[in-house]
Visitor: 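Below: one structure in structure tokens.
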Amino acid sequence: MEENDDFEHAVQKANKMASTIKKKSQTSGKRKNTDDEENEDDVIKRYGLDDYDDEELPSDLTSGIGGLTPFTSNDEDPYITLKDEVDSDDEDFVLKPTDNLIALGRVTEEAAVLEVYIYNAELNNLFIHHDYILPTFPLVLEWMDYDVAEEEPGNFVAMGTMEPDIGIWDLDVVDSLEPVAVLQGNRPEAKKKKKKKLEKKGTLGQGHSDAVLDLSWNSHVRNVLASASADKTVCLWDLSKGEVVSVLGHHQQQVQCASWHPQESQTLLTGSFDNYAAVIDCRDPSENVKKWKFSGEVERATWNHFNPFNFLASTDRGMLYEVDVRQEKPLFTLSAHEEAVTGMALSSQIPGLLVTSSPDKHLKVWDIQDSRPALVLNRNLHMDILHCVTCNPDHPFVFAVGANKDFKVWDIRESAAVRGHFLKRMPANIAMECAEDDQDLGPDGEEALGAMAGLRVQVRGHFLKRMPANIAMECAEDDQDLGPDGEEALGAMADLRVQGDDDDDAEEEEMLAGDRPGAKKGAGGATHDGDGKKKKKKKKRKKKTLEV
């Protein structure tokens, strides 16, 4: 009986606990619901969300973002104290009136690149401005100022490649991925269309079918471009239409070079692997053609702009010719290089000054005045194989030389032989600059130059055996620049005595005497002899000169 009573008492106690727990959960749920409702009401009232959807847009839409930017730049904003600094790279990027553009085609292991360099002769600066990645190997570049789109002046380069097309690049557009225009060539078609192609081969307006080897822009008729090709033809292009207007087939082999006459807009000079150079009147190309045969394939041909009747031609055998178009035979025949003459350029303003380059790694300066060629300078530039050379139109002594792996811009006035030989033919402004340089030496300029030359000869002779091979070679080339009397001139300069040499010799004798046995020394290690007073006087004299 007692056990049954205990069991019933336990059951009743458990039921009471369960009922109390249920009541508490129900009351807490009611409170939570009421709290959430109160919180939502408070948020709506506090932030005014009842009228949120009824909000009107501002009537003045123009004062949106513009109201946040009242100043056009940070320099005008008075609340910004740290102004924008001028970047020196940005200054270099802006072209100056004294800058010259140099377009260079380069082939690297990664890609073919068209590089644009800036050269400033006044500041003696040369740096790359921008470049373009090319789709194929560049062979020739020709600058022109004709815009095929707007027909306004600009900076453009026509480029010939191993492909029959001619690309025209705008050098004023930096981040360009492709040329602004392409003069389409006559590309080979599929075998199925081979018969049709043969039928159209003789028609005009088809462009080249092989690599473009040379280009020449007509500065008088600005929309005309001549192109020489390995397909044995010369095409005349109308840049305004991008079409071929005439095809010249007067050569039997690949046409290596072409050049418009500097004064006659209709006259074109060409050179070919068939050993002929030709002058053709493009108004009637089938009739007005005159040819000259040379020894070897014609590499370069250019007009002598100082004599409109003459042109120069070079061959793969290292020969150089000057021809008067009114005569049948050349005015002179010159063995200029040991290998082919691949580069040839006349000075823009100095009559008779001709520069040639060759794969023999030598650059030579000639004087061809009055058709009497004379060698002025022969210099190994240590740049591997030399391919081309051109003259700066603004600075007649500055030439750009292209080599197998690099290029160089060189003012040939650095050579004493060139300065002395062409001194009388310099333009007035350049001669004035040279005169001002001489005035900078002062009244004793010649004596000072002689003294400095003597010192240089003494130093060079003393350390000649210890010089590296390249420096010793440069010294030898400097000596050659002095001409046939170079050794006598060097000997004369070496014998010159600079003012003060006697004092230096005396000081040297005193220093050596201190190390000789029997010489008297004082506490400070100084020698005590009869020349002690002279030594003190010398020190005082040197001190005065330093103070001044």
Side-chain angles (χ1 to χ4, degrees), residues 96-102 119-126 219 262-263 302-312 320 322 331-332 334 336 343-357 362-379 381 388-401 408-450 452-453 477-486 489 493:
K96 303 178 180 62
T98 56
D99 289 339
N100 292 109
L101 292 179
I102 301 176
Y119 173 73
N120 191 306
E122 295 180 356
L123 303 177
N124 195 23
N125 286 343
L126 177 65
S219 58
Q263 298 177 6
T302 183
W303 291 99
N304 186 346
H305 50 268
F306 298 104
N307 189 339
F309 295 105
N310 296 3
F311 71 85
L312 297 164
L320 180 65
E322 184 175 17
L331 299 177
F332 70 75
L334 176 67
M344 180 171 56
L346 284 163
S347 172
S348 56
Q349 303 176 38
I350 308 298
L353 197 163
L354 174 68
V355 175
T356 59
S357 62
H362 282 261
L363 182 140
K364 295 184 179 181
V365 180
W366 304 88
D367 181 8
I368 61 170
Q369 187 79 338
D370 300 327
S371 300
R372 297 178 180 179
L375 180 62
V376 179
L377 176 67
N378 181 10
R379 179 60 58 87
L381 298 182
C388 55
V389 61
T390 185
C391 182
N392 189 316
D394 300 325
H395 305 279
F397 287 100
V398 177
F399 289 81
V401 187
K408 179 178 183 179
V409 178
W410 186 32
D411 190 339
I412 60 175
R413 287 180 299 177
E414 295 179 5
S415 169
V418 172
R419 284 199 312 271
H421 189 90
F422 294 100
L423 180 63
K424 296 181 180 180
R425 303 183 207 171
M426 293 183 184
N429 56 341
I430 299 178
M432 187 177 298
E433 291 178 3
C434 296
E436 291 175 352
D437 293 339
D438 295 338
Q439 291 177 1
D440 292 341
L441 296 172
D444 301 327
E446 295 182 0
E447 296 181 2
L449 283 177
M452 288 187 290
E477 291 172 350
D478 290 339
D479 296 342
Q480 291 176 2
D481 290 347
L482 295 173
D485 301 328
M493 288 188 291

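Below, each value reflects all heavy atoms present in this structure, side chains not excepted, and no hydrogens, waters or symmetry copies. Computed from a predicted structure; not experimentally measured.
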Visitor: When rounded to the nearest 0.5 angstrom, what is the spacing between OG1 in T302 and CZ in F311?
Guide: 10.5 Å

Visitor: Do any N or O atoms from the side chain of R379 and from the backbone of L363 form a donor-acceptor pair under 3.5 angstrom?
Guide: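 Absent.
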
Visitor: Any chance you could measure L377, atom CG, to H362, atom NE2, to the nearest 0.5 Å?
Guide: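 The CG atom of L377 sits 11.0 Å away from the NE2 atom of H362.
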
Visitor: Should V401 and T390 count as side-chain neighbours, where that means a heavy-atom distance under 4.5 Å?
Guide: no

Visitor: Hey, could you give me the CG/CZ distance between L331 and F309, rounded to the nearest 0.5 Å?
Guide: 12.5 Å

Visitor: Any luck finding a side-chain donor-acceptor pair between N100 and N120 under 3.5 Å?
Guide: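 Judged by distance alone, the side chains do not pair up.
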
Visitor: Determine whether W410 and L381 make a side-chain contact, defined as any pair of heavy atoms from C-beta on separated by less than 4.5 Å.
Guide: yes

Visitor: Ignoring hydrogens, what is the shortest heavy-atom contact between R419 and R413? Give both atom names and the distance.
Guide: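 Minimum heavy-atom separation between R419 and R413: NH1-O, 2.6 Å.
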
Visitor: For P393, enumerate each residue passing the side-chain contact (heavy atoms from CB on, under 4.5 Å) test, keeping only those at least two apart in sequence or located in another chain.
Guide: none

Visitor: Can you tell if the side chain of Y119 reaches within under 4.5 Å of the side chain of V398, non-hydrogen atoms only?
Guide: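 SC-SC contact between Y119 and V398 confirmed.
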
Visitor: Going by heavy atoms in the side chains, are F399 and V365 under 4.5 Å from each other?
Guide: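 Contact flag for F399/V365 side chains = no.
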
Visitor: Would you indicate whether the side-chain heavy atoms of F397 and M426 approach each other to under 4.5 Å?
Guide: yes

Visitor: Go through the steps to decide whether V389 and M344 satisfy the test side-chain contact (heavy atoms from CB on, under 4.5 Å), and finish with yes or no.
Guide: CA-CA 6 Å; V389 61; M344 180 171 56; 5.5 Å; no

Visitor: What is the distance from atom CZ of F332 to atom CG of L320, rounded to the nearest 0.5 Å?
Guide: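 Reported value, rounded in 0.5 Å steps: 5.0 Å.
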
Visitor: Using a 3.5 Å cut-off and no angle test, enumerate the donor-acceptor pairs between side-chain atoms of residues 367-376 and protein atoms at least two apart in sequence or in another chain.
Guide:
unit_1	atom_1	unit_2	atom_2	d
D367	OD1	Q369	N	3.1
D367	OD1	R425	NH1	2.8
D367	OD1	R425	NH2	3.3
D367	OD2	H421	NE2	2.7
D367	OD2	R425	NH2	2.5
S371	OG	E322	OE1	3.1

Visitor: Nearest 0.5 angstrom please: K364 NZ to T356 OG1, how far?
Guide: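 Here the rounded value is 7.0 Å.
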
Visitor: Taking atom NE2 of H305 and atom OG of S348, what is their separation to the nearest 0.5 Å?
Guide: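 The NE2 atom of H305 sits 6.5 Å away from the OG atom of S348.
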
Visitor: Please report the C-alpha distance between L353 and W366 in whole Å, then the side-chain angles of each, then the deciding distance to 0.1 Å, and finally whether the side-chain contact (heavy atoms from CB on, under 4.5 Å) criterion is met.
Guide: CA-CA 6 Å; L353 197 163; W366 304 88; over 6 Å; no

Visitor: Do you know the tightest heavy-atom contact between S347 and C391?
Guide: CA-SG, 3.8 Å

